[in-house]
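In what follows, a structure is listed as structure tokens, so that the remarks can point back to it.
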Amino acid sequence: MTRSAGPVRARRAAGELLEVAPGVFCVRTPLANWYLLRAGRDLTLVDAGYPGQAGLLLSSIARLGHEPRDVRAVLVTHAHVDHVGGLPDLLRAAPGLPVLLDPVEVAHARRERVEQVGTATVLRHAWRPRVAAWAVRAVRCGGTAHVRVRRAAAFPAPSRGGALDVPGGPVPVPTPGHTSGHSAFLLPEHGIVLTGDALVTGHPLSAERGPQLLEGFFHHDPAGTVASLDVLAALPADVVAPGHGEPWRGPLDRAVARARRS
Ligand SMILES: [Zn+2]
């Protein structure tokens, strides 16, 4: 039986907690997603939502029957506030938890450098459909908060096959452009790639569903974002698990071709 391209019909555990594959959970919210990878009693968290979603982040761990101390590592696709916002609360609940990023992204997470779209840029685009409504929701969710992750560190050396020695065995895939040190994560066992903001399937600014790029003004280096699509297209995966939008089933090269047309 062949599976057609489209949204993953995942088992809906509760609310917006989707089991994309055994042990791979997507917490989908209208503003941003994060992921939990489970191996036995241990978890890896990938991304952490907005600051205003910290309670939801902690409750998503509890909904899986876990406690913050079960999280062995946090991986971050990139250090935008909607991907690291819940970390201060989680780190208070789980002191010592490592927060790992691409080496280039570490300074961004520590806010020694900022590559985040600013209020002035958003205001310049506020006349366009959906931008003002999204901005209000994002600000209410802590989108202008200054979240500094002092504990941010570079990925340790990977084991054979490039996998990190953390639950779920994700393989970092450098995909610079959206930010200088953006990283996707391939889950080879499942044919899933967590694409962060390098490739999404929806966003409050978009009227479309399906593989697409975010609005250009969100990207630190728009040309780099487009170039990184070639990296994603070559991955042996058939599920896009994005930072925004719903998980999407279909070969990566076709998802990328669709995003190029968006
Ligand atoms: Zn981003």
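Counting convention: from 1, in listed order, for ligands and their atoms alike. For this chain, numbers begin at 1 and follow the sequence in order. Every value quoted in this text rests on a predicted model; they were computed, and no experiment measured them.
When the N, O or S atoms of His178 are ranked by distance to the Zn ion (ligand 1), NE2 comes first.
Because the distance cut-off is set at 2.8 Å, His78 qualifies as a neighbour of the Zn ion (ligand 1) through one of its N, O or S atoms.
Residues Pro174 and Asp102 have side chains in contact (heavy-atom distance under 4.5 Å, counting atoms from C-beta outward).
Using cut-offs of 30° and 60° for the angle between ring planes, the Trp134 and His203 rings count as tilted. A perpendicular orientation is assigned to the rings of Phe185 and Phe155, their planes being inclined by more than 60° (bins at 30° and 60°).
A donor-acceptor contact shorter than 3.5 Å is absent between the side chain of Thr77 and the backbone of Ala184.
Rounded to 10°, the angle formed at the Zn ion (ligand 1) by OD2 of Asp197 and ND1 of His80 is 170°.
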